[in-house]
Every structure is written in C-alpha cells, then in structure tokens.
Amino acid sequence: GPSSEASFARLPPLPPAPAVSLADLEPVSATVGWGGKARKNRSIQDRPLSVAGKEHPRGMGAHARSELVYDIEPRFGRFVAVVGVDDEMKEHAGMASVTFSVAADGKVLAESPVLRVGDAWHFDVALPPGSRRLFLVAGDAGDGINADHADWASAGFVLR
C-alpha cells in the first residue's frame, strides 16, 4: 500500500547467498519470545521459511522479542539475510510487526524499518575486522509480540 512505498523506497539490493548458513552454526545463545526454541530452516511454527511470498530453504525462524548470538570467525567478512514476518501470519497481518537489527560486539551495524506481513528487508553488512560476536535481534516494534513470527531467511556469512 501507499505507506509501504514510502518506507521501502530504499530497500537495499538482494544480498548474495551466504557461504556459511546460520542454520549450520550453533548459536552461542538464543532467546525467543514465543514458540520455544529458534528453528533451523523452519518458521517458529515449523513450516518452510516464507517472506513476502518467497520460500527460503535455509535460515532461522524466531519470534519477537528474540536475540540470536553467534561467534564471528575471522574468515567471516559480511553478514547477509532476507528478513521479515513469516507469511504464516497472513491472517494476523494487522498485529504482526517486527524490527530487525544486526550488531557486532554491542555496536549496531544495521537495522530494518518496521516490517509487516508481505514486507521483506535485505541485510548485507560488513563485519568490522576483529569482531567477536554477532547479535541478531528481532524487536516487537513497540506494540507487543502478538503474531511477530520473525524470519532470518537465507541468512549467514560471506567469507572475507
């Protein structure tokens, strides 16, 4: 609709596929606001990851508010992901709203606008050399966590 055109005029280009998928790594820690544990290659409701009408075979399904923390190996040069509210929340589109942020060692490197069902956002973020820990945070956009099924789709690392 008209509101999304204004806020998504600057959607970054589609990032490259990661060389190392988040789903192949064990998080240092993972806290998820609803639905149990973060899921590898599935939505929080154990369906295929689907963002803005496109299925992604790889990635992590979570739920606001959540924080996934990963060790950054020296060979990891960039973090890439397609993020959004999983399409499984179409019937609750009015409630679902999520913000995504990427931080390394406590410094926010990139964040999305507020995303709703049908929106996607792209991350292709350079990791500062020497970074130790990556923090992937899905926030509730200030209106509570109802229906906030947050997908980190096609997410992972491009090598230096």
Side-chain angles (χ1 to χ4, degrees), residues 1-18 21-23 25 27 29-70 78-104 106-127 133-158:
S3 64
S4 58
E5 281 159 33
S7 54
F8 294 95
R10 289 167 292 118
L11 176 67
L14 191 65
S21 173
L22 277 192
L25 301 170
S29 68
T31 56
V32 176
W34 178 90
K37 294 160 89 107
R39 293 172 192 256
K40 295 182 173 192
N41 303 322
R42 307 288 286 177
S43 75
I44 198 71
Q45 280 189 300
D46 205 33
R47 296 187 174 112
L49 296 166
S50 181
V51 175
K54 182 175 189 305
E55 274 197 20
H56 294 258
R58 311 282 281 141
M60 295 295 291
H63 195 290
R65 301 177 47 185
S66 59
E67 180 184 74
L68 308 179
V69 183
Y70 292 86
R78 308 180 75 80
F79 171 77
V80 293
V82 175
V83 300
V85 176
D86 196 277
D87 292 325
E88 67 193 6
M89 284 294 96
K90 276 204 279 275
E91 290 133 50
H92 306 283
M95 288 193 292
S97 58
V98 180
T99 56
F100 292 82
S101 76
V102 178
K107 179 176 190 297
V108 174
L109 303 175
E111 42 199 350
S112 75
V114 175
L115 303 179
R116 299 185 179 277
V117 175
D119 296 331
W121 190 255
H122 302 152
F123 285 121
D124 185 352
V125 181
L127 300 172
R133 289 247 158 119
L134 184 76
F135 297 81
L136 304 177
V137 177
D140 68 3
D143 63 357
I145 70 167
N146 283 352
D148 289 356
H149 295 209
D151 289 352
W152 297 90
S154 297
F157 297 96
V158 175

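Side-chain atoms are counted along with the backbone in the values below, which use heavy atoms only and exclude waters and symmetry mates. The chain is numbered in sequence order, starting from 1.
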Taking all non-hydrogen atoms of both residues, which atom of [X] and which atom of [Y] are closest, and how far apart?
| X | Y | answer |
| --- | --- | --- |
| Ala81 | Ala155 | CB-CB, 3.7 Å |
| Met89 | Val85 | CB-CG1, 4.0 Å |
| Ala96 | Arg116 | O-NH1, 3.4 Å |
| Ala150 | Ala138 | CB-CB, 3.7 Å |
| Trp121 | Glu111 | NE1-O, 3.9 Å |
| Ala141 | Val114 | CB-CG1, 3.9 Å |

Worksheet item: Under 3.5 Å, is there a donor-acceptor pair between the side chain of Asp151 and the main chain of Gly61?
Response: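 Pair absent, no side-chain N/O of Asp151 close to backbone of Gly61.
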Can you list every pair that meets ring-ring contact (aromatic ring centres under 6.0 Å, His included) and has a residue in residues 38-57, with sequence neighbours left out?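 For residues 38-57: none.
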Does anything in residues 139-149 pair up under side chain to side chain donor-acceptor pair (under 3.5 Å), and if so which pairs, sequence neighbours excluded?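 As it turns out, the side chain to side chain donor-acceptor pair (under 3.5 Å) pairs with a partner in residues 139-149, which skip direct neighbours, are Glu88-His149, Ser97-Asp143.
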Looking at [atom1] of [X] and [atom2] of [Y], how far apart are the two atoms once the value is rounded to the nearest 0.5 Å?
| X | Y | atom1 | atom2 | answer |
| --- | --- | --- | --- | --- |
| Leu109 | Phe79 | CG | CZ | 10.5 Å |
| Phe157 | Leu134 | CZ | CG | 4.5 Å |
| Lys90 | Asp87 | NZ | CG | 4.5 Å |
| Met60 | Ser66 | CE | OG | 9.5 Å |
| Lys40 | Leu25 | NZ | CG | 7.5 Å |

Take atom CZ in Arg39; do more than 12 heavy atoms of anything else shown fall under 6.0 Å from it?
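Count over threshold, so yes.
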For a 4.5 angstrom cut-off between non-hydrogen side-chain atoms, does [X] reach [Y]?
| X | Y | answer |
| --- | --- | --- |
| Phe123 | Phe100 | yes |
| Val82 | Leu14 | yes |
| Phe135 | Val102 | no |
| Leu136 | Val83 | no |
| Pro16 | Val158 | yes |

Evaluate the side-chain contact (heavy atoms from CB on, under 4.5 Å) criterion for residues His63 and Ile145: first the C-alpha distance (whole Å), next the side-chain angles of each, then the deciding distance (0.1 Å), finally the verdict. CA-CA 8 Å; His63 195 290; Ile145 70 167; 4.1 Å; yes
